[in-house]
Every structure is written in structure tokens, then in C-alpha cells.
Amino acid sequence: MKRADTIRSPVQRLLRNIRAYRALLLMLLPGVVVFFLFNYLPMFGVIIAFKKIDYSLGILRSPFVWLDNFRFLFATSDAWRITRNTLIYNLVFIACDVFLAVGIAVLMREIWRPAASKLYQTIIIMPYFLSMVVVAYLAYGFLNPDYGYFNKLLESLGLNKIQWYYEPKYWPFILPFIHFWKSLGYRSVVYLAAIAGLDKELYEAAVIDGAGKWAQMTRITLPQLIPTMVVMFLLALGNIFRADFGLFYQVTMNSAMLYNVTDVIDTYVYRALIQMNNIGMSSAASVYQSVVGAITVICANLIVRKLDSSQALF
Amino acid sequence: MSRNSEAAVQAASKDLRNRAPWYVNVILHIVFSIFAFLCLAPLLLLVMVSLTPETVLLRNGYSFFPETFTLEAYRFLFQKAGMVFNAYGVTIFIVILGTASSLLITALYAYPISRLDFPFARFFSLFIVITLLFSGGLTASYLINVRALGLRNSIWALILPGLANAFHIIIARTFFRLSIPTSLMESARIDGAGEWRILFRIVLPLSLPLLATLGLFCTFSFWNDWFRALLYIENRQLYPLQYVMMRALMNLQELQKNIASGAMNSEEAMKILAEMPSETLRMAMAIVAIGPIIAVYPFFQRYFISGLTVGAVKG
Amino acid sequence: MKRWLALGLAVLLSAGCTSSANSGGSSASAPAATGGADIQTDEIQTDETGLKPVDLVYYIRAAEQDNAAPVQAAMDVYFKEKLNCTVKIIPINEWATKMPLVLSSGEQVDLTFDQANTGYYTNVSNNMYLPLDDLLNQYGQGILEQINVNCPGLIDAPKVNGVLYGIPCEKQTAQCEAWYFRKDIADEIGLDADKLVSLQDLEPFLAKIKETRPEMTPYYVSAGTGVNQEWITDAIRDNPEKYEELNGAVNLLIVDLESDTVLNHYETEWDVDRYQTLKSWQDKGYINTDAATTTTAAADIFRAGKTWFVGGGGAPTTMSSYETGYGTMFYRWRSTGPIVNTYQNTTALTCVTRTTADAERAMMVLNLFHTDPVIVNLFNSGIEGVNYVIDENGRFALPEGAASRADTGYNYGFDTFFGNMFLNSLWNTDKEDRYDELRGYNQSARQSKIMGFYVDMSAIVNEYAAVEAVRTQYAPLLKAGVVSDVQAALKEMNDKMYANGLQKIIDEAQRQYDAFVAAGGKKS
């Protein structure tokens, strides 16, 4: 900032900036309008979490009960279990999503024939198109106690069948596997695009300098991908208290025997509220997840900004 | 453009100096073959199950090689669910218009906030990040969309709420910052180009991999969305594909529930239940839904798979 | 920006409005004659019926039909003539997701279907519905008469603290758990359904099935849709005079009518016995191993020939619809005596909401639903010559070329939730004495002693939610018989429910029950 600026008042500076950057501001306009209409206007709904709805008064004039709607999230003896499961699975997912997807994108580029690379890409992105309900059915095809492929295989090997849906010990591996199976191909697309955007001249120069593949990867590709990785990581953190309901409810067939390792906040809320149809409590659950996510993102963003302000989200 | 990049790809692959050693190549092929197999096998199972007669399925469980084949589930889907062809039309309209407008809005928003010299960049970044963290919930969205914006029974209800995606904008912002050399923009500015010109003539042409990626994401999300139709559309002519199929299934579940609870015991309901291939139907629906979208995937793919060679365009 | 803010604020305020005027987006599609611009016509019509024109909206839980427009038009003409109004039918299929949004958004809803399972009591406690007692006395005398003829006592069921918020339908009013056994197999293994008394009596037959038909699951239990497991608590099944379920907490609480105490049925000795039986059946291989998780409906399994009986309600009409539906003959065992209770009679209610354009007219319309065979048949069966024809016996029959009612493009399948079911004309597939039989069934049933009582959980929602989460964790395991030690599992479950506030729930239910008894609600 130039010293001359400080002489002007903040208002003058603002006006000057608006005039100077009016083209850029105009570009922002359509997005701002859409976000305002479809994201900001409905945000008043957050207050529902703090009210006991009385339709004779309307949403706005319904009495406040403040944190009463939140109590069921903590008043349960399962509070620790659902928080722990949600957090641990999400941390594993967030960390591995970034690294595995980058790995796939980087390796994909090293296959000699582009046609083969294209074919692999097309195939590994396919699972992403399936809804979790269908994935749950497919998983059931493999894990079904009587007809499932795994049990048939065990039987033919002369081993005992496994009651997959009653044995918690396997699920901390099954769930991440299904998560990665479904989304890795899709996520790697982001990094493929980022790599495609890198400057080819950098590599040419590196080759001339005699840098091998490994050196190119560690010295050029990865450093260039870090900003994208940081952004993806920060965005994922916002949902750290939100679990993939389809994965934890449908894929596990809601088997109560597995709850110790599969019960997450979202499945608990579903079970607790399914009979009640209470919008105050369901929006309380969502506000709770948002607030924790927001705090996490803000903290992480602060750290990132300390390290390199140009890479921060905001 | 495409011919150029194809040629560039060939040139690059001929560039033997910059290739991974052959054994690395072999290992990569093995690894990716296994990965691809893991992804393909369940999909094959999906196809097979959708072709299995319901009774055989319930008797023997899922099988890669069912005893007999039937197209019953597909017949049911196209006849009883009805409107499938009309729904394809609605979906394609939504996808094309939605994706195009969404890309435009995303690019227009992402470019200013990618500029480190733009004094409002941080404010407008925060403006969209907040939308990722907080939402007002379904009740409030429904109220605004129906009462204030009058989107009930309007095809715009299927498009407008999906247009602005903060996640996409932030990815685009990162890409612009990373991949567009500021020197290019500087020199354009010196040549007297305005911001609009810089965006459309310099930044976007250099961002084809990004646009392809985001275009793909938008296509998926518009293609897969059925929930908005559930909320806002009661006119059958406007049902998108996924919703038509979702309904076939929900209808069935609702019937089963009513019959089980003894609340409704009409012969009619029993007949519908008897005819409906419920589990194979689910699989057939998945096939019908993903078939066409897999076909468009290679179209997007060539922009980011041709990869490093895109850099050549910059010269 | 300010303009949008103002707009948003306006929306909020209109959402906050109580029962004031409505924008009513739905009226646009009403026939032009009701547009209101033509004042002259309105006046003439007001003279005839003494009523001002109004357009009403009626939400039903059903899938929309291809060919509903002609029926809607005929209904419009008919209602115009009778009550100078129109009633637009809006079918909502994904009821649980969409209807709460419609209701809370403040859109015009004049009449709506509801039931205890879809939030009737929640909506009442949120003040969504208008109290109907005065309106009923003034404009709904026909409803009261019809209910007294067909289903005496029914009108008390949906009352909340003595106030009526929903009009129940005249239909099957008695609840009863029943089992339907495939005749051929039952004959083969020598089952006499009339001799069965308790669930345990099934055991030798399950063993025989297991032996002679190894491809079958003798007792198929599904955690998904399609109940094929007992749903009446054993305590009640064995002591129907002593215990009753408590509406509002049917899965958890029962009441001892002799001592007037509220109990958690998972603590009764009957539950221990029951679950031990189920566990031994699971161990012996009578129950499918995936019982706690499978979502495949029992009906599908039955149809695939993998099991030999299905559960269902015990109404006389059920048997024949099962036999035609499944295409096989059945023996029926009613495992409980039929009872007319609050739960069964809050399954089909029609409510008038706060956002109605005209509550009085809505009640008049309801009165027609319950007394006028023309409108009942028009709504349920459609138009003569299009959706049905009348055969030589004066019965409704399918028109030529239609294989089912759905083929004519109009069949909501909403008969049992709409007005007075007894006014429907008979179809040629119905038994001659269909309605006499049903009336007889209703009258033969025992009357609940606590009709109209339900547990209002709104003061203890947090405890109830937490306890429900525990209950839904253990119940499927117990019902599937897959726990390793029944007593230990029940103890663990009960301990956990108490840790999450079960005592508070029992106390609150007891308090409400005592108040109900003190107010003279309990019949002796």
C-alpha cells in the first residue's frame, strides 16, 4: 500500500476502488445475485433451530427455546460414540482423498500410451455415478451371509462363513474402501485438470537440465499442486462433522450390531427423529454440524494464511 | 484446437527422453488394471442383476451368470414409470442450459477474486465460503423458492438453485491464480484490453482443462438431481429422468408399507406389487441413468487428459 | 440489495401470518368461471346456494394419475352446484418429505390427509390444524350420523385433550394382527390355523418346513418395508383385558388398566419369553440369518416361494385381496382379537389447516365426502364409461380393454383414507355382503377403554429422541433373534434407555394418563 493512500479517508478509498474496479465488480454481479437469492435469503431458517415452532404465530414469532432443541445431541449416552466415529472417519477420508487422488492423477500421466491412460480414467470414474443405495445393494451382493461372493469364496476354501453385517471388526476397513472406490476416480479429475494447466516449459527446461521423472514430480508437479490440495483440504474440513448418510446407513444395512464402529451423527439424528417430524430439532443438528465445521475451517484458514496468505480461502 | 492438441500429444509421446522407465510403465499398467477391474466388476454385476428375473434373484441371490435373462425390469421402467422419453428431454435441457450458465457465472465470479490486486477479493471469497458452511435448511429454501420466487411447477426451479456453486468457484479461482501467467494479463492491459476482453480472450482459452472439469461436475449434478423436482414440480411434463425413476421406486415402497400396516388392502395395490420387479428395477434404473452420461464423459476428458501439452498453446 | 431484503422480509412476514388471506397459487388453474372477475355469475350462484364462491385445495397421499383431469373437472362442476366452490385435489407421493414443507411454508391448504404416523400429533401441537368441534356441530351433522351408524365411538379417537382436530374415515376401525398361510403347504404339514393360540404353537410346523422344504425360510423376518413379524406386544396379546398400548409411544409403552400404571413393555416377562423363543428359532435355522438387516420385503420373498406365510391386518377384506393379489389360497390365523383403539383410528384423518381460505366451506365439503355417494364414487372410481362401467348386476366393472383400474389412468387407491368408505359402490370383484361383514367386524371388536388417549411427548422431546435411538438399535436384533443372550441384551437395552431418560418419559406418560383418567376419559 502506498503512503499517499493513507491520506485519503476510508470512504474515499472505497469509492475510488469501486470506480477503478467497476468491471470486475460487474462480473461478480450475476453470482452475487444467485447466491443471495438461493443461499442467503433462506439463511433465516437457521433460527428455526432455536425455536419451538407454533404455526398460529408463524416461524418468526414462534417462541425461542434457545438451545433446547440441541439437547438431544448431547443428552445421549452415545454422544461420545457418534462424535468419535464421525470425526475419525472424516479425518481419514479427508486426508486420504487428497493424497490418493493426487497420486492417481500424477501416475496417470506417466503411462506411456495416452489411449490406455484415457481408458483407465473412464473406468475408474464410473463408480461415482452410482447412488449409495445401489452401492449398498452391490455391497450386499458381496457380503450377503448366504449368497454373497465372499462367503461363497470362503466356503469353497473350506473356511467358515463370516456374518459380515454382525461383525464390527471388519467395517473400519470396508467403509473407507467403499468411500475411496466410489469417489477417487472422480476426485482425481480435479488434479488432472490442475496438472494440465501447468506450464509445459517448466518440464522442458527440467528435461534439458537432466532431471529424471522423480525429480520432475517432486520439484515441479507436487509443488505446483499444493495450492489446489490446500483448497480442497480446507473445503473438506467444513464438512468434518457431517457424515455421508448413505455410506453409514445404507451400506451397513443399518445393522445395529455394527453401531459401535458405524454410528455417526447423521445416522443418530435420523434414528432419533424419524418418529417425530420435529423441524426444530433436525435443524438444530444441522446448525451444530455447520458451526463446528465453520470453526474448523476458520482455524485452518488462519494457519494457512499465516504460512502463505495467497493460498488462504478468504 | 483439438487437432492441435492431438498432434501435440503424439509429439509428446515421441519425446522419448521424458518418459518413465519401461518397468515403471509396466507396474503402472498392473496397478491401474487392478483398480479398473475393481471398478468394472461391480458394474458388470449391476448389469447382470438388472437382467435377472426377480424370482430367480430372490431364490439364488446376485450372480454374474444368472440362469435366465429378462428385460422385464426395463420394460416396467419404460412402460409403467412412463414419461421416460419426455423426461430425457427435460433432463437434457436442464443439463445443457444449467451447465452453460453455471460455467459462465463461475468464471465471471472466480476471475475477479483470483486477482491478487483486487481489493474486494477477500470479501467476495468469504461471501461464498459462508454458503458452503451454513445453509438455512430445507424449510426456509422451500419457502423462499415457492412463496417469494414463485418457482413452483417451473422448470427454472430445476436450474436456478443449482447455478452458483461456491466449491466450483474456489477451484476456478485457484486454477486462475496458478495457471494464468500474470505477465500475459499485464501485457494485454498495456495493449489496452479491458477486463472483459482479458477474461474471454486470454484467461478462459487457457483454462480449457478447468472448464472441462467444472463442466463435467455441473453436468453430473444437474443430471443426477431429483430432489428439486420432488420439491417443486407437480407437472408431469416437467419431470426430469432421475425423478421419474426415483418415483417408480418410492411408489413401490409406499405401497408395501401401506399393505404391511393393514392400512390399505386393495387388490389393485396387490396387483401392482405383484407385477413390479422391485430389486432388479433398482439396478435397471441405475443403468438407464448412468448410460448416457458415461457416453459424454470422453468429450470432457480430452481436455484434461491431453494434459501437459496444453501448455504449448500458451506460446 | 435493499429491494431484495424487503422482499425477503415480506416473505417472512407472510409466513408468519396465521389464517389470513392467501395468495394461493393453486387457484390459477381452477376453471375460468371461478375467476371471480365475473361478478354477475357469482351473485347468481351465491343466490342459489347462499354461499360465496371459493376455491379449495385438498392434499392427499397418493401418486398422481395420468388421467385425473376429467375427474377433477367433473368434481368442479359438482361442487360448484352443491357448494359454489371447487376442490382441487393435489396428490403428494413423497408425503413425509414434502408435506411438512408445504404445511410450514404457509401455502393455502384447506383440507389435508394426516395420520398419527405422519405427524398428526406433532402438527396439532404446533398449532397447524384448526379445532373442528364447533364446525362439525354446525356443518358436519351428516358426518356424525354416518360415524354412529358404521363405526360407533370413532369420533373420539383423534381428539387431543378433548378437542377434535381431524375427521376420521368410516372404514375398518378394528386393529388385529393376522397371519396368512399358504393353503397347499399348510395342508401338507397338517397345520390347522384355527387351533393356533400363541406364536410358540408354530414351532412344530416351522420344524417340519425346515425338514421337508429346505429351500424355504420357515419364518421370514425383514427389517425393511413389509412387516412380516408380530407387532402386537405379547403382554397385550396374552392379556387383552389387562393391557393396552399407548398411542404416541406404541413401540415402547403399555398401560396396565387394572392398576392404571404405565409400563415399559421391554421390562415385562412376556418380552423375555418372546425374544428367547425367537432366538431359539434363529439358532435352529427357522429364521433367515439376515433378519436384522435385510430390506427385502416379506411380500417379495413370499412371492418368490421362499416362505410360506405373510402377516397382515385381520379385516375381512384383507383375505380376498391377498388371495387375488398373491394368486394363491390362504388360511388365516388372527393372533389377536380385534380391538377398536386410538392407534388404528388415527390412521385416516382429514384435517383443516390454518391456511385455509374458508374453514366453514371446508367442513361442508368434508360433510359431502362422508354423506354423498356421488362424490365418493366420483373421487374413488372416476367417471362412468371411462374409468368403470356398470354391469348387469349393477356392480362397477372394468371398462373393456382395461386389465386393471390403473389402466384407465385414474386410480388413487385412496379409498380407505377418503371420507366414508361405506358409500363406495361395490365392484364386481367384491363380495355381496362386503360392508355388512365389515360393519360386523367393527362391531364385534372390543372397544378400547382409553379411546382418545395419546402421550404428548412435546415436553420431553429430547429424552424421547435419545430413547428412540436406543430402542431402534436393539429392537431389530431382538426380533431377529440374533443376540447372544436375550436377558443380557434386554437388560443392557433397558439400562441404556433409563440412562437416556426413560424414567422421565414414563413419568410424563403416567401424569398424562392420570389426568386423562381423572377427567373421566377412561371407560370402565
Side-chain angles (χ1 to χ4, degrees), chain A residues 17 21 23-24 27-28 30-31 34-35 38-39 41-46 48 107 109-112 114 117-118 120-124 126-127 129-130 134 137-138 141 144 147 181 189-190 192-197 199-200 203 207 213 227-228 231 235 238 279 283 286 290 293-294 310 313-314, chain B residues 9 17-20 25 28 32 35-36 39-40 42-43 45 61-62 105 108-109 111-112 116 118-119 122 124-126 128-129 131-134 136-137 139-141 144 161 163-164 167 170-171 174-175 178-179 194-196 209-210 213 282 286 290 293 297 301 304-305 307-308 310-312:
Chain A
N17 277 338
Y21 291 97
L24 293 182
M27 287 179 186
L28 288 165
V34 176
F35 277 114
F38 296 101
N39 295 87
L41 271 188
M43 246 179 235
F44 80 91
V46 169
I48 294 172
L107 292 180
R109 315 219 41 91
E110 301 306 332
I111 294 174
W112 282 6
S117 164
K118 267 187 189 179
Y120 290 137
Q121 251 296 296
T122 310
I123 292 173
I124 65 174
M126 281 186 193
F129 299 102
L130 302 176
V134 171
Y137 272 75
L138 289 176
N144 181 309
Y147 308 108
W181 172 80
V189 166
V190 177
L192 275 174
I195 294 175
D199 200 338
K200 197 195 172 198
Y203 291 90
V207 172
K213 271 285 152 191
T228 311
V231 160
L235 290 177
I279 59 170
S283 67
S286 150
S290 297
S310 72
L313 264 188
F314 49 87
Chain B
V9 169
R17 280 178 310 168
N18 196 18
R19 256 189 359 187
N25 191 39
L28 287 179
F32 277 107
F35 192 1
C39 292
L40 216 49
L43 287 167
L45 182 64
Y62 293 178
I105 288 178
L108 287 178
Y109 200 103
Y111 172 64
L116 292 170
F118 181 49
R122 189 152 170 247
F124 283 104
S125 298
L126 196 59
I128 57 172
V129 170
T131 67
L132 281 177
L133 298 176
F134 292 97
T139 312
S141 296
I144 297 290
L163 281 187
F167 181 69
I170 289 169
I171 292 180
T174 312
F175 188 94
L178 261 177
S179 307
E195 297 289 2
W196 292 87
L210 171 86
T213 309
R282 217 183 282 267
I290 67 178
I293 193 99
Y297 177 66
Q301 195 188 27
F304 41 80
I305 205 74
L308 301 176
V310 172

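By convention in this document, chain letters (A, B, ...) are assigned in the order of the sequence lines, proteins followed by strands, and residues within each chain are numbered from 1.
For the options A/Ala294, A/Ser286, A/Ala194, A/Ser283, heavy-atom pairs under 4.5 Å to chain B are most numerous at A/Ala294. Options A/Gly293, A/Gly238, A/Pro227 differ in how many heavy-atom pairs under 4.5 Å they form with chain B, and the most are formed by A/Pro227. The residue among A/Ile124, A/Asn39, A/Val190 with the most heavy atom pairs within less than 4.5 Å of chain B is A/Ile124. Among B/Ala36, B/Ser125, B/Gly194, B/Cys39, the residue making the largest number of heavy-atom pairs under 4.5 Å with chain A is B/Cys39. Of all the listed residues (A/Thr228, A/Ile279, A/Leu107, A/Asn144), the one sharing the greatest number of non-hydrogen pairs under 4.5 Å with chain B is A/Leu107.
Residue B/Ile105 touches chain A through its side chain alone, counting heavy-atom pairs closer than 4.5 Å. The part of A/Val231 that comes within reach of chain B is its side chain, from C-beta onward, which places non-hydrogen atoms under 4.5 angstrom from that chain. Contacts of A/Ile111 with chain B are made by both backbone and side-chain atoms, with heavy-atom separations under 4.5 Å. Heavy atoms closer than 4.5 Å to chain A are found in both the backbone and the side chain of B/Leu126. Within the 4.5 angstrom heavy-atom criterion, atoms from both the backbone and the side chain of A/Tyr137 approach chain B. Using a 4.5 Å cut-off between heavy atoms, A/Asn17 touches chain B through backbone and side chain atoms alike.
By the 4.5 Å heavy-atom criterion applied to side chains, B/Leu132 and B/Ile170 are counted as neighbours. In this structure, B/Leu43 and A/Ile123 have side chains that are not in contact, with every pair of non-hydrogen atoms separated by 4.5 Å or more. Here the side chains of A/Leu235 and A/Leu313 are in contact, with some heavy-atom distance below 4.5 Å.
Residues passing the ring-ring contact (aromatic ring centres under 6.0 Å, His included) test with B/Phe167, sequence neighbours excluded: none. Listed by chain and number, the residues in a side chain to side chain donor-acceptor pair (under 3.5 Å) with B/Thr139 amount to none (sequence neighbours excluded).
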field: Full working for side chain to side chain contact (heavy atoms under 4.5 Å, CB included) between A/Leu130 and A/Leu138
entry: CA-CA 10 Å; A/Leu130 302 176; A/Leu138 289 176; 4.0 Å; yes

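When only modelled atom types and interatomic distance are considered, B/Glu195 and A/Tyr21 share no side-chain donor-acceptor pair under 3.5 Å.
Using cut-offs of 30° and 60° on the angle between ring planes, the pair B/Phe124 and B/Phe118 is parallel.
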